[in-house]
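A short write-up of the structure that comes next.
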Amino acid sequence: MTHLIKRQSLMVLAALLLAFPLAGHAEDGKKSEVWLPSLITETPQQGFELAIKLSRMGVKSTQSSKEVLFRERAEYSQDGEALIHASEVIAVHFQTVAAANNYWQ
């Protein structure tokens with residue numbers, strides 16, 4: 001059970017790592033702009049970049065505190081397991097984008 005809690009904590013921290021560059025863009029109660037008009041991209045590389053953005057926006061939606069992001073960054077940015085989990089989140093989003101683009105066939 002402790003391993004499961006640690007793993008879940010690391011996944012959350014890894015996701016926060018992805019959001020770090022967006023920390024200054026936390027919602028402040030204003031109406032949200034449309035940032036995802038489509039999942040369609042011209043190339044797989046653009047699809048991968050979109051997958052990263054989806055991961056970051058997911059974290060931004062759940063953790064808008066820049067203070068928390070800065071405070072926790074030192075720990076999870078040095079944790080290989082947390083970084084692997086961050087990659088797993090991106091991979092799931094990339095699968096979604098690839099399917100939406102008919103795998104660029």
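The residues of the chain are indexed from 1 along the displayed sequence.
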Looking only at non-hydrogen atoms, find the nearest pair between Ala82 and Tyr76 and report the distance.
CB-O, 3.9 Å
Could you tell me whether the side chain of Thr96 reaches within less than 4.5 Å of the side chain of Leu54, counting heavy atoms only?
no
Under the side chain to side chain contact (heavy atoms under 4.5 Å, CB included) criterion, do His85 and Val89 qualify, and how do the steps go?
CA-CA 6 Å; His85 290 305; Val89 171; 5.8 Å; no
Can you tell me how far apart NZ (Lys53) and CD (Gln46) are? Round to the nearest 0.5 Å.
13.5 Å
In Å, rounded to the nearest 0.5 Å, how long is the span from CD of Glu72 to CD of Glu67?
10.0 Å
Main-chain N/O of Glu42 paired with Asn101 side-chain donor or acceptor, under 3.5 Å:
no
Ignoring hydrogens, what is the shortest heavy-atom contact between Phe94 and Ala51? Give both atom names and the distance.
N-CB, 3.5 Å
Should Phe48 and Ile90 count as side-chain neighbours, where that means a heavy-atom distance under 4.5 Å?
yes
Is it the case that the side chain of Gln63 and the backbone of Ser65 share a donor-acceptor pair, with hydrogens and angles ignored and the cut-off at 3.5 Å?
yes
According to a hydrophobic-cluster definition based on side-chain heavy atoms being under 4.5 Å apart (Ile, Leu, Val, Met, Phe, Trp, Tyr only), do Ile40 and Ile52 belong together?
no
For the hydrophobic clusters of this structure (ILVMFWY residues joined by side-chain heavy atoms under 4.5 Å, transitively), does one cluster hold both Leu50 and Tyr103?
no
If I take atom CH2 from residue Trp35 and atom CZ from residue Arg56, how far apart are they, to the nearest 0.5 angstrom?
12.0 Å
